[in-house]
Asks: 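Sending over a structure as structure tokens; questions will come in a sec.
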Amino acid sequence: MDNTADLQVLLGSSYPLIVATARDERRLLRIVRRAAAHRGLPVWTWSATRGLAREGLAGQYGTTDPRQALDWVAALDDPGVFVFADLAFDDPLVVRHLKELAQRARPGQTLVVTGVAPAVPPDLAGLAMPWSLRPPGPDELERLVRRTMRDLSRRGIAVALDDAGVSEFAATLRGLSLGEAERLVQRAALGDGTLRPADLPGLRAAKAELLNVDGVLELVEAEVGTLGDVGGLGGIKQWLERRRLALAGGHPGLDRPRGFLLTGVPGCGKSLVAKSLARTWELPLVRLDPARLYGKYVGESEQRLASALATVDAMAPVVLWIDEIEKGFAAGGAGDGGVSQRLLGTFLHWMQERDDGVFLVATANDVAALPPELLRKGRFDDVFFVDLPDSEARERIFAIHLARRGHEPGAFDLPALATAADGFSGAEIEAAVVGATYRVLATGDPLTTAELATELAGTVPLSTSRGEDVEALRRWAAGRALAA
Ligand code: ATP
């Protein structure tokens with residue numbers, strides 16, 4: 001359903017108060033106007049600078065004070081949609097007026113309170129319906145890019161974008177509001193006096209910055225290779241290869257793959273899989289940090305999650321990576337007034353209802369902390385357990401990391417190194433290669449198998465120092481997870 005249809009339904013329901021999250025106020029107003037027109041309702045707007053006014057008419061004298069504006073609406077019998085921009089929810093008197101008004105609203109009267117991240121105060125919890133404006137879709141963004149191009153040309157700025165370039169610009173801007181997208185395109189053009197494909201990397205960087213304002217979403221530009229540069233993990237690679245066709249949407253009989261949960265021994269490549277998967281599929285990778293969802297106001301955390309998920313939906317096709325998912329959706333979070341329970345509810349709902357095109361890779365270190373609902377069949381396509389690499393995988397990991405640092409893997413006795421690194425994680429093997437490289441750099445000698453073996457001998461791997469923890473992880477995984 002699109003935003004206008006969504007809002008029409010809300011206006012037709014009996015909610016007297018809608019709390020709308022929108023980064024783009026002008027766009028929200030356009031959508032409110034359309035939805036209201038459909039229901040034959042007039043639109044009134046209020047802001048602290050202009051006061052209350054019916055659209056197209058002069059403002060009401062003395063209504064810049066929000067309490068007076070709310071009283072004014074309370075005295076009105078006519079139906080209408082009353083949009084209050086950036087109403088101060090931290091003023092208890094305003095909240096009280098709003099509550100009384102919402103309780104007494106006449107049929108056909110709806111208050112819409114808007115803001116970038118408005119949090120519903122506890123007093124209004126049962127009366128207010130939170131609603132998020134979804135970011136614009138690909139068509140809207142493409143129209144915006146073309147409109148901005150015309151505007152720039154009129155101002156004498158050179159525009160060198162063909163149709164493919166326009167689509168690429170629009171795709172890069174996905175997840176942003178129209179206002180933000182327009183500003184970024186303008187900025188890209190004004191920076192060097194032309195708008196051209198070479199502006200794309202700068203555009204991506206600027207967008208990554210915008211998405212990360214509250215630290216919840218991060219656009220990851222990973223310096224990693226493809227899945228071919230991951231040692232071992234044949235189970236996952238085969239799983240992904242089999243689903244490649246279905247992911248492309250080319251197979252009507254197959255459900256699209258939606259994602260998996262990775263758990264396992266630390267340092268064995270969980271994060272690496274998320275990054276190199278996005279690289280292999282040539283999709284953007286967005287990381288959601290669940291620990292950053294928690295805000296101090298009632299409803300704030302849920303709003304943050306809802307808005308982050310809406311942004312991710314708008315960026316599809318995309319790989320969404322949730323690292324340490326247990327930090328946001330831990331089981332038994334009773335001590336936080338139910339916030340983590342509500343977050344989990346919002347998240348599960350999204351997992352169930354989301355459109356195709358968002359492939360979810362979640363990683364968990366502490367699986368025991370995860371709520372069972374999240375692990376129930378049907379949420380993730382599968383749960384994988386990433387164990388320590390076997391001997392063949394260790395050889396491959398040595399080869400990958402040696403080659404990455406300019407050494408010729410064929411010059412080393414890889415089977416002997418794999419044997420010496422029994423019980424080492426991928427990260428520990430990498431650390432040994434890095435350590436030995438530094439050591440020979442100091443002496444000027446070439447790196448040899450013997451140097452690497454010395455480095456390994458001087459390291460106690462986690463599987464030895466915390467052997468019991470690793471065993472506990474394996475016990476959990478037996479029968480619950482597939483071998484990665
Ligand atoms: P943690 O649970 O500690 O976050 P993780 O399982 O996510 O660990 P990664 O961050 O993916 O581990 O691994 C750290 C680094 O170790 C990787 O960036 C990579 O360089 C190296 N590494 C780990 N496993 C592999 C592997 N299977 N193949 C190649 N390199 C690996």
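Please read these numbers as outputs of a predicted model, since none were measured by experiment. Counting starts at 1 for both ligands and their atoms, in listed order. Values below: every heavy atom of this structure, side chains too, minus hydrogens, waters and symmetry copies.
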Asks: Looking only at protein heavy atoms, identify the closest one to atom 31 (C) of ligand 1 and say how far it is in Å.
Replies: Leu272 CD2, 3.4 Å
Asks: Is it the case that more than 12 heavy atoms not belonging to Arg439 sit under 6.0 Å from its CZ atom?
Replies: yes
Asks: For residues 385-396, which residue pairs pass the side-chain hydrogen bond (donor to acceptor under 3.5 Å, both in side chains) check, not counting sequence neighbours?
Replies: Asp387-Arg474
Asks: Got a second to check how far Asp199's CG is from Arg204's CZ, nearest 0.5 Å?
Replies: 11.5 Å
Asks: Would you check if there is a donor-acceptor pair between the side chains of Asp381 and Trp239 at a distance under 3.5 Å?
Replies: no
Asks: Using a 4.0 Å heavy-atom cut-off, which part of Asp323 comes near ligand 1: side chain, backbone, both, or neither?
Replies: neither
Asks: Specify the protein heavy atom at minimum distance from atom 22 (N) of ligand 1: its residue, its atom name, and the distance to 0.1 Å.
Replies: Gly426 C, 3.7 Å
Asks: What part of Ser271, side chain from CB on, backbone N/CA/C/O, both or neither, has a heavy atom under 4.0 Å from ligand 1?
Replies: both
Asks: At under 4.0 Å between heavy atoms, is it the side chain or the backbone of Lys270 that contacts ligand 1, or both, or neither?
Replies: both
Asks: Do Trp131 and Leu28 have side chains that get closer than 4.5 Å, going by heavy atoms?
Replies: yes
Asks: Would you say the side-chain atoms of Asp413 and Thr449 include a donor-acceptor pair closer than 3.5 Å?
Replies: no
Asks: Hey, would you say the Phe385 and Trp476 ring centroids sit under 6.0 Å apart?
Replies: no
Asks: What protein heavy atom sits nearest atom 17 (C) of ligand 1, and how far away is it?
Replies: Glu430 OE1, 4.0 Å
Asks: Could a heavy atom of His401 be found less than 4.0 Å from some atom of ligand 1?
Replies: yes
Asks: Could you tell me whether ligand 1 has any atom less than 4.0 Å away from a heavy atom of Pro389?
Replies: no
Asks: If the cut-off is 4.0 Å to any non-hydrogen atom of Asn365, which atoms of ligand 1 fall inside it?
Replies: 2 (O)
Asks: Is the Phe384 to Phe260 ring centre distance short of 6.0 Å?
Replies: yes
Asks: Is the closest N or O pair between Ile397 and ligand 1 shorter than 3.5 Å?
Replies: no
Asks: Atom 27 (N) of ligand 1: which of Gly231, Gly267, Ala364 has the nearest heavy atom?
Replies: Gly231
Asks: Checking Arg466 now: which residues fulfil salt bridge (Lys or Arg N to Asp or Glu O under 4.0 Å) with it, not counting sequence neighbours?
Replies: Asp469
Asks: Looking only at non-hydrogen atoms, which of Ala484, Ala427, Gly269 approaches atom 9 (P) of ligand 1 most closely?
Replies: Gly269
Asks: I need the atoms of ligand 1 closer than 4.0 Å to a non-hydrogen atom of Cys268, numbered in the order shown.
Replies: 6 (O), 12 (O), 23 (C), 24 (N), 27 (N)
